[in-house]
Every structure is written in C-alpha cells, then in structure tokens.
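This report refers to the structure that appears directly beneath it.
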Amino acid sequence: MCGRYTLAVSPAKLAERFALPPISDLQPRYNIAPTQPVVVVREGNDGREGVYMRWGLIPSWAKDASVGAKLINARSETVLEKPSFRTAFRRRRCLIPASGFYEWQTTATGKRPFYFTLPDDDLMAFAGLWEQWLAPDGEVIESCTILTTTANEIVTPIHNRMPVIVPSEFTAFWLDPATDIPRLHAFCLTPPPVALHRYPVGKAVNQVRNDGPALIEPAAL
DNA sequence: CCAGACGTTGTT
DNA sequence: GTCTGG
DNA sequence: CCAGACGTTGTT
DNA sequence: GTCTGG
C-alpha cells in the first residue's frame, strides 16, 4: 500500500512538472503521514491547480471526519464499486506529487522500512481521488486518497501492494474529467511500468514526529 | 419499510 | 447518497 | 503506514 | 486485540 511518503522539491519544479501555478508554502517533507495536509493536483474551475488537502478521504455522507483516517488508500480493483470511492473516481480524480514513498517489509524479526524513488529523482505522481465534506460547523474540508495496485517486481520483495504511479505523459489523461472510465480503470489496474529504485532506511521514519533528509539515508539491512 | 454500513492492510 | 440486511 | 491509547472521578 | 491520531 502506501502509508508514508516524501515530497522535497522546489515550488518551481513542482509547477513545471504539473503545469500549474507555483505553490507558495511548500516545505520539504520526508515523512508525510495520513491525516496530514498534502499537496494535491487537480483540474480546478480555473484550470489546473495545486492545493492542500487532508490525506484520508472523508465521504460526503460521513458523520464525522474521523472515518477518513481509514480511507488513505483505495484498491484499484474495487474502486468502481465502493460507495466511498466510485463517485470520486468518475468525477474527482487528482494526482498527488511525491519524491518517493516508503513500504515496510514484515520479517520474522519485525518490520523494516524501505524507500522507493524514480531514476534521476524524478517527481512521482500518485493516482488519487478527492472529496468535499461539509463539517457540522459549516467548514468545507477537502480530503484525498491514494489508489493502490499489485506490487511490481521492485516492490514485491518488500510488500504486495504499491501506489498507482502516473507517468508525466499521462497527467492530462488521468485528470481530464472527460476521459473514458473503463480506460481509467484499466490504467490503474495495470499502470505503465516504472523503473523504481529501492533501498532500506532506518526506523526513524516509523515515528510521525520525525522529519528531515536523514530519514532517507540508506541504512544497513 | 427502517437501520446501519460505507475501507485497507495484514494476519490467520 | 446508496446499498444491504432484517 | 506506525505509535500509542485503551477509564473514571475529582481536583487544579 | 483494536481503535485513534498523526
């Protein structure tokens, strides 16, 4: 799955990669966790935009925001059917920029985190969905989730699921509200291959309070 | 009809 | 909001 | 995803 | 063991 990731990039590079106006308040993050605000790219009313949303999709009918903590991922295999996701899949797709992501390997001696990046440290874009939720106090909260699919050959030794990664040439395909739904579904079930790099990192990433480039330093196995 | 769920992961 | 279970 | 809480009463 | 919060 995808439950922790990084985003450390200049506003200019992010803007160039996704063809959107620069975001002003973009701090490097090496330990982005569920329920935190995350950068999300979508087609807004006035064109493509990058906005912050809470990670963990809160369905519009939810009674309180806490249900979102469980909906940090959506399985590609079932996203068309699930009440929490199917409407968003048709109408509110987004991309979630990332520099890399973490997966934990379960072993007899415990869990070990690994870090995954693209060649040349290219920016990733996770396929995502977003939603609007009206809080009882009248506040509108926007939230998002990351699509997952079967792990590829680089991720498989560590974990059986991975985020759906959208290559840059598929940016418009994924975000365009007019794209054919069956084609989108086929895409996230079998995304284009990506050549990921993988290496073990220290357990400091386990604690959400830790942040900084030291978290992605390679560690001994 | 109304009430209650609506999710993923991992582990078994 | 919509579906499932009773 | 992992870490940390998981409870009530009364007092500050 | 299971849920909540980050």
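Each chain gets a letter, A, B and so on, in the order its sequence line appears, and its residues count up from 1.
Of the P atoms belonging to B/dA5 and E/dT4, the separation is 13 Å, rounded to the nearest Å. As rounded to the nearest Å, B/dT11 and E/dG1 have P atoms that lie 12 Å from one another. Taking atom C1' on both nucleotides, D/dC2 is separated from B/dT9 by 13 Å, rounded to a whole Å. Nucleotides B/dT8 and D/dC1 place their C1' atoms 11 Å apart, quoted to the nearest Å.
Atom CG of A/Asn73 is separated from atom P of B/dT9 by 6 Å (rounded to the nearest Å). Residue A/Asn210 contributes atom CG, which lies 11 Å from atom C1' of D/dA3 at whole-angstrom precision. One interatomic measurement links the two molecules: CD of A/Gln36 to P of D/dC2, which rounds to 15 Å at whole-angstrom precision. Here the C1' atom of nucleotide D/dC1 and the CD atom of A/Gln105 are 15 Å apart, to the nearest Å. Atom pair A/Phe126:CZ and D/dC1:P shows a separation of 14 Å (rounding to whole Å applied). For the pair A/Arg4 CZ and B/dT8 C1', the computed distance is 15 Å after rounding to whole Å. Following rounding to the nearest Å, A/Arg209 (CZ) and D/dC2 (P) show an atom-to-atom distance of 15 Å. A/Arg29 has its CZ atom 14 Å from the C1' atom of D/dC1, to the nearest Å.
To the nearest 0.5 angstrom, A/Ser168 atom OG is 10.5 Å from A/Glu16 atom CD.
Side-chain proximity of A/Phe85 to D/dC1, B/dT8, D/dA3: nearest is B/dT8. Taking only side-chain atoms of A/Lys82, from C-beta outward, the nucleotide of D/dC1, B/dC6, B/dT8 with the closest atom is B/dT8. Nearest to the side chain of A/Gln207, among D/dC2, B/dT9, D/dA3, sits D/dA3.
Contact annotation: the side chain of A/Lys111 never approaches that of A/Thr107 to less than 4.5 Å [non-hydrogen atoms, C-beta and beyond].
Look at A/Arg75 and you won't find any side-chain N or O under 4.0 angstrom from OP1 or OP2 of B/dT8. Residue A/Thr148 has no polar side-chain atom (N or O) positioned under 4.0 Å from OP1 or OP2 of B/dT8. Close to D/dC2, at under 4.0 Å from its OP1 or OP2, lies a side-chain N or O of A/Lys111.
For CD of A/Glu81, the number of neighbouring non-hydrogen atoms (other residues, nucleotides, ligands) closer than 6.0 Å is greater than 12. The environment of CD in A/Glu77 is crowded: more than 12 heavy-atom neighbours from other residues, nucleotides or ligands sit within 6.0 Å.
Within the 4.0 angstrom heavy-atom criterion, no nucleotide atom of any strand lies near A/Leu57. Within 4.0 Å (heavy atoms only), A/Thr145 reaches no atom of the nucleic acid at all. The residue A/Pro59 sits apart from the nucleic acid: no heavy atom pair falls under 4.0 Å. A/Thr87 comes within 4.0 angstrom of nothing in the nucleic acid, heavy atoms only.
A ring pair (Phe, Tyr, Trp, His ring centres under 6.0 Å) check over residues 188-221 of chain A, counting only residues at least two apart or in different chains, returns the pairs A/Tyr115-A/Tyr199.
Using a 4.5 Å cut-off between side-chain heavy atoms of Ile, Leu, Val, Met, Phe, Trp and Tyr, A/Trp61 forms no hydrophobic cluster with any other residue.
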Under 4.0 Å protein heavy-atom contacts per nucleotide of nucleotides 1-6 of chain C, with B for base, S for backbone only and - for none: BSS---
Solution key, residues 93-100 of chain A side-chain donor-acceptor pairs under 3.5 Å, sequence neighbours excluded:
| residue | atom | partner | partner atom | Å |
| --- | --- | --- | --- | --- |
| A/Arg93 | NE | A/Trp174 | O | 2.7 |
| A/Arg93 | NH1 | A/Phe89 | O | 2.7 |
| A/Arg93 | NH1 | A/Arg90 | O | 3.2 |
| A/Arg93 | NH2 | A/Asp176 | O | 2.6 |
| A/Ser99 | OG | A/Ala8 | N | 2.9 |

Scan the side chains in residues 31-39 of chain A for donor-acceptor partners under 3.5 Å anywhere in the protein, sequence neighbours excluded, and list what turns up.
| residue | atom | partner | partner atom | Å |
| --- | --- | --- | --- | --- |
| A/Asn31 | OD1 | A/Arg4 | NH1 | 3.1 |
| A/Asn31 | ND2 | A/Val205 | O | 3.2 |
| A/Asn31 | ND2 | A/Gln207 | O | 3.0 |
| A/Asn31 | ND2 | A/Asn210 | O | 2.9 |
| A/Gln36 | OE1 | A/Arg29 | NH1 | 3.4 |
| A/Gln36 | OE1 | A/Arg29 | NH2 | 3.2 |
| A/Gln36 | OE1 | A/Ala33 | N | 3.0 |

Show which side-chain atoms of residues 122-135 of chain A pair as donor or acceptor with protein atoms under 3.5 Å away, not counting sequence neighbours.
| residue | atom | partner | partner atom | Å |
| --- | --- | --- | --- | --- |
| A/Glu131 | OE1 | A/Arg92 | NE | 3.3 |
| A/Glu131 | OE1 | A/Arg92 | NH2 | 3.2 |
| A/Glu131 | OE2 | A/Arg92 | NH2 | 2.9 |
| A/Gln132 | NE2 | A/Glu142 | OE2 | 3.2 |
| A/Trp133 | NE1 | A/Ala62 | O | 2.8 |

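Across the strands present, E/dG6 finds its partner in D/dC1; the criterion is a Watson-Crick or G-U wobble pair with both atom distances under 3.5 angstrom. When both pairing distances are held under 3.5 Å, D/dT8 makes no Watson-Crick or G-U pair with any nucleotide shown.
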